[in-house]
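Below: the structure, in structure tokens.
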Amino acid sequence: MPKFKHKFVLSKYTDTCRTYTSGDSYVRIDFVSDSCMRVAVYNDEAGMLPTFCINPNNEFLTTGRSRLSTDGFGLCSPDISFSDDTEHFALPCGVDVELDKYNFILKYYKDGRLLFSDRSPLAYNFEGEFGKESYHYITREKGEYIFGMGDKGGSLNKSGRAFRIETADSMGYDAESSDPLYKHIPFYICENSVGCYGIFYDTSDTSYIDLGKEINNYYPAYKYFKTEDNCLVYYVFFGTKLSVLQQFSRMCGKQAFPPKWSFNYCASTMAYTDAPDSEAQMDGFLDKLTEYDLPCNGFYLSSGYTSIGSRRYVFNWNYEKFADPKAFVKKFANRDIQIIPNIKPAFLDSHPLYDELANKGYFIKNADGTPFLTEFWDGLGSYLDFTNPDAFDYWKSKVKETLLDLGILSTWNDNNEFDIRDCDAVAQGFGNNPVPASRIRPNLTYLMVASSYRAQVSNRPDLRPFLSTRSGNIALRRLAQTWSGDNRTCFKDLRYCHNIGLTMSLSGLHFYGHDLGGFHGDMPSRELLIRWLQHGIFEPRFTIHSWNEDGSATMPWSYPDIMPAVKKLFEQRKRLLPYLYNCAYNAVENEIPMNAPPLLYYDDQELYSQNDSMMVGRDILVPFVFDEGREYAEVYLPKNDSWYFGSRLYEGGQIIRVPIPLTEEMPLIVKAGCVIPTDDENTVFTVYPIENGTFVSDFFTDDGLTYGYINNDCVKLGFTVICDEDTVAVTYKNTGNSPFSPTIRLCLQDSRKLIVTEE
């Protein structure tokens with residue numbers, strides 16, 4: 001077949017799928033929904049690795065799913081027409097697709113205008129025209145916006161930048177410029193002058209994406225994706241920014257619903273478990289909670305508890321530090337604090353279990369069958385091969401035996417980037433088909449977390465498990481919460497971690513957080529610690545965690561003189577928990593992120609230059625201060641809504657100045673047309689009415705621990721609010737099985753008469 005000249009013919013088709021061939025090249029199009037299509041470019045279908053990311057049925061996967069499977073999709077039959085070498089597909093969502101079968105160029109139109117297209121004259125690497133990897137080139141519009149890509153740093157808009165897509169242990173990274181970080185999520189949302197679309201490249205191989213950094217005189221403006229994979233499988237989504245995100249997220253399977261306690265403060269530090277008197281340090285932590293009357297429901301137990309000498313050995317308890325681990329766990333449980341122990345998937349070659357595991361063949365192997373050794377924390381070690389069912393089960397049994405049987409309910413799956421780059425390192429694979437481990441690194445992470453998950457579910461099938469993982473692909477959302485990893489202690493990283501968090505939200509990871517105060521560096525200043533806490537009380541994961549260079553531990557009480565301000569923030573978080581938990585449920589059920597930039601919900605160009613605030617749920621807008629020495633924020637209020645702040649109701653479309661002092665709780669800007677639940681000893685619902693008209697609002701709560709809500713053993717309040725000149729009339733109905741009598745009040749800014757009726 002001549003290079004750069006590829007004539008494709010239709011070789012097989014159904015109402016929802018079309019396959020084209022040219023020589024040894026195949027391209028398959030599946031119309032997987034009314035607003036999404038999948039394109040697969042390959043030479044050998046049998047040689048494709050499975051996917052763990054796509055999972056519309058929300059199944060528990062241990063061997064993955066065929067990348068060409070259509071199981072669980074709401075398949076679409078577009079209107080199809082033909083003209084010469086061109087085919088046209090009219091999708092129900094209003095997008096028209098034109099296929100030029102010469103070099104297989106796809107063009108996408110909305111309202112008769114070009115949304116984007118494959119780059120002419122050649123977009124794919126059919127015959128090695130672009131080198132060895134699989135490529136996809138598409139058009140780029142000047143001034144377009146691109147959001148997503150996982151935990152990528154820098155500005156929220158990724159247009160004009162380039163990224164490596166693989167997982168890395170990036171301790172002490174620069175939140176503005178370091179790349180790659182911990183996640184492997186080749187998904188983005190693009191917005192241009194015509195509309196929005198999203199693309200997800202379904203691969204576990206190391207990849208690279210250029211979103212406009214590269215230019216070439218021989219071509220018009222473009223962006224491109226390349227991967228070391230032997231094929232190219234990608235999904236294209238159409239709709240608004242929000243609907244694109246929702247489609248992608250749900251196609252990958254439901255976000256796991258964490259227990260309610262995990263949304264309260266969960267503490268951590270490396271200093272306590274690295275200390276020789278670890279349990280005494282932990283007892284001192286409990287004493288400080290009592291002294292300052294601070295709420296806490298979890299403690300991430302860093303890996304120092306596993307040490308032998310200066311090294312860390314997963315599943316080992318250091319009995320010199322913790323003489324009776326079971327009693328230690330119970331002591332914290334009696335205070336309603338869950339221990340969340342750190343576990344790592346590599347075993348040092350000096351680990352007491354290493355030889356046993358090597359003899360059983362449980363490690364990633366060299367070509368000659370010996371264990372593959374690579375640099376790990378403290379020395380050389382071997383990664384467990386989680387594609388080996390016996391190794392998968394072994395990890396599960398050790399999680400149960402060494403942790404869960406002590407009364408522990410949760411796991412912290414850490415250092416799980418599987419830093420394997422040697423192409424000769426081999427995993428057992430899926431169905432005993434050996435595969436280079438370097439090709440499936442994020443899948444190995446997923447399987448590690450899946451094994452921990454299985455252990456926890458088997459141990460307490462009545463409880464929703466809680467897991468945290470640092471690395472992985474989008475599949476991790478079905479099992480665990482995540483965080484932004486080992487950030488730095490500085491104002492700059494506070495600003496850019498804000499963007500990293502929102503970027504994870506825009507990539508389908510709704511339950512995330514940061515190491516508040518900064519993980520690596522000096523003890524944060526008083527001002528920096530407060531500014532981090534002001535941000536952290538609105539994050540799904542509210543955790544201070546540190547590895548300070550002087551050996552100190554960043555804690556809420558690190559500066560006793562600012563404790564009045566710290567206590568106000570902790571109390572504000574506690575009051576907001578009913579609202580935050582309701583947001584978490586909405587994230588699970590409706591793919592509405594707990595945290596998001598306002599631009600996700602509003603088509604308002606002014607928002608694209610306003611990045612120092614975020615929506616918490618759909619009803620609260622929070623501004624932040626990221627600059628040292630500043631005590632206010634200039635906040636733009638999105639158009640088409642009105643906003644309550646202070647004693648006033650503001651119209652959207654204007655900038656207001658919001659004081660954010662270091663000594664007070666955080667100011668909230670509340671959207672008109674909502675009902676906000678807060679906890680003042682009991683749950684109180686505050687109505688923020690509109691001037692005239694009707695709106696609805698919903699509230700969910702349950703026992704916070706079990707799966708009872710699936711059987712409707714929960715509270716599901718629906719509010720209908722009718723507003724006129726004189727009255728605000730609220731009608732509510734509880735459709736859940738759990739009895740609930742709400743206390744309802746009108747916001748202080750409104751003087752109308754409140755009328756409450758139960759339906």
Side-chain angles (χ1 to χ4, degrees), residues 44 46-54 60-67 165-169 182-184 202-207 227-231 233 314 343-349 351 353-354 356-376 380-399 413 415-454 469-476 479:
D44 177 15
M48 288 186 185
L49 290 176
T51 179
F52 287 83
C53 293
I54 301 300
F60 188 88
L61 301 178
T62 56
T63 57
R65 160 190 170 109
S66 167
R67 272 198 275 178
I165 303 168
E166 66 174 342
T167 59
D169 187 338
Y182 303 92
K183 312 296 190 297
H184 184 291
D202 186 15
T203 181
S204 62
D205 275 88
T206 294
S207 305
T227 177
E228 295 176 8
D229 206 338
N230 58 6
C231 62
V233 180
V314 63
I343 48 179
K344 309 179 191 300
F347 291 72
L348 295 175
D349 56 4
H351 196 294
L353 297 172
Y354 187 88
E356 173 192 345
L357 296 174
N359 290 334
K360 290 181 176 179
Y362 287 176
F363 291 131
I364 300 293
K365 297 180 178 66
N366 295 307
D368 63 3
T370 59
F372 173 75
L373 280 166
T374 189
E375 189 69 28
F376 196 65
L380 292 176
S382 296
Y383 286 99
L384 209 64
D385 181 2
F386 287 91
T387 69
N388 180 335
D390 292 333
F392 183 97
D393 289 342
Y394 177 84
W395 180 271
K396 173 184 169 183
S397 69
K398 295 303 287 187
V399 168
N413 298 263
N415 297 95
N416 52 0
E417 290 74 32
F418 286 82
D419 192 13
I420 304 170
R421 303 169 192 273
D422 188 330
C423 296
D424 293 329
V426 178
Q428 180 170 311
F430 313 101
N432 287 317
N433 294 314
V435 59
S438 61
R439 296 195 58 198
I440 58 168
R441 291 172 54 198
N443 292 340
L444 289 167
T445 303
Y446 164 82
L447 288 168
M448 171 205 178
V449 179
S451 183
S452 300
Y453 181 94
R454 271 274 173 87
T469 181
R470 188 171 72 179
S471 185
N473 52 23
I474 191 60
L476 70 87
L479 304 175

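With sequence neighbours excluded, no residue forms a side-chain hydrogen bond (donor to acceptor under 3.5 Å, both in side chains) with S471. Under the side-chain hydrogen bond (donor to acceptor under 3.5 Å, both in side chains) criterion, D202 pairs with T51, not counting sequence neighbours. Among residues two or more places apart in sequence or in another chain, the salt bridge (Lys or Arg N to Asp or Glu O under 4.0 Å) test is passed with D229 by R67, R439. Every side chain to side chain contact (heavy atoms under 4.5 Å, CB included) that P442 has, sequence neighbours left out, goes to H184, S204, N473. The salt bridge (Lys or Arg N to Asp or Glu O under 4.0 Å) search around E356 returns K360, not counting sequence neighbours. Take Y446 and apply the ring-ring contact (aromatic ring centres under 6.0 Å, His included) test, not counting sequence neighbours, and it matches F52. When the ring-ring contact (aromatic ring centres under 6.0 Å, His included) test is applied to Y394, the partners found at least two apart in sequence or on another chain are Y362. Among residues two or more places apart in sequence or in another chain, the side chain to side chain contact (heavy atoms under 4.5 Å, CB included) test is passed with T63 by none. Contacts of N359 classified as side chain to side chain contact (heavy atoms under 4.5 Å, CB included), with partners at least two apart in sequence or in another chain: none. Here A358 pairs with Y354, F363, P371 under the side chain to side chain contact (heavy atoms under 4.5 Å, CB included) rule; sequence neighbours left out.
For the salt bridge (Lys or Arg N to Asp or Glu O under 4.0 Å) condition, no pair includes a residue of residues 385-396, sequence neighbours left out.
In this structure, the separation between CG on L373 and CG on L380 is 5.5 Å, given to the nearest 0.5 Å. In this structure, NZ on K365 lies 9.5 Å from OG1 on T370, to the nearest 0.5 angstrom. The line from CG of L353 to NZ of K398 is 5.0 Å long, rounded to the nearest 0.5 Å. Of the inter-residue distances, the one linking T387 atom OG1 with N433 atom CG reads 10.5 Å to the nearest 0.5 angstrom.
Between L476 and T445 there is no side-chain heavy-atom pair separated by less than 4.5 Å. Counting only heavy atoms from C-beta outward, the side chains of F60 and R454 approach each other to under 4.5 Å. Side-chain contact check for F430 versus I440: some heavy-atom pair is nearer than 4.5 Å. Counting heavy atoms from C-beta outward, I420 and F372 have side chains that approach closer than 4.5 Å. A heavy-atom distance below 4.5 Å is not found between the side chains of T203 and E228. Using a 4.5 Å heavy-atom cutoff, the side chains of F347 and S382 are not in contact. By the 4.5 Å heavy-atom criterion applied to side chains, T167 and Y182 are not counted as neighbours. Taking 4.5 Å as the limit, some side-chain heavy atom of H351 sits within range of a side-chain heavy atom of V314.
Heavy atoms only, all atoms of each residue included: S451 and W395 are closest at OG-CD1, 3.3 Å. Here the closest heavy-atom approach between residue V399 and residue S452 is recorded as CG2-OG, 4.2 Å. Nearest heavy-atom pair, F386 versus P345, reported as atom, atom and distance to 0.1 Å: CE1-CB, 4.0 Å.
The one candidate from N413, D169, N416 that meets the side chain to side chain donor-acceptor pair (under 3.5 Å) condition with R470 is D169.
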Using a 3.5 Å cut-off and no angle test, enumerate the donor-acceptor pairs between side-chain atoms of residues 421-428 and protein atoms at least two apart in sequence or in another chain.
unit_1: R421; atom_1: NE; unit_2: D419; atom_2: OD1; d: 2.8
unit_1: R421; atom_1: NH1; unit_2: E166; atom_2: OE1; d: 3.1
unit_1: R421; atom_1: NH1; unit_2: E166; atom_2: OE2; d: 3.0
unit_1: R421; atom_1: NH2; unit_2: D419; atom_2: OD1; d: 3.1
unit_1: D422; atom_1: OD1; unit_2: D424; atom_2: N; d: 2.8
unit_1: Q428; atom_1: OE1; unit_2: N388; atom_2: ND2; d: 3.3
unit_1: Q428; atom_1: NE2; unit_2: N432; atom_2: OD1; d: 2.8

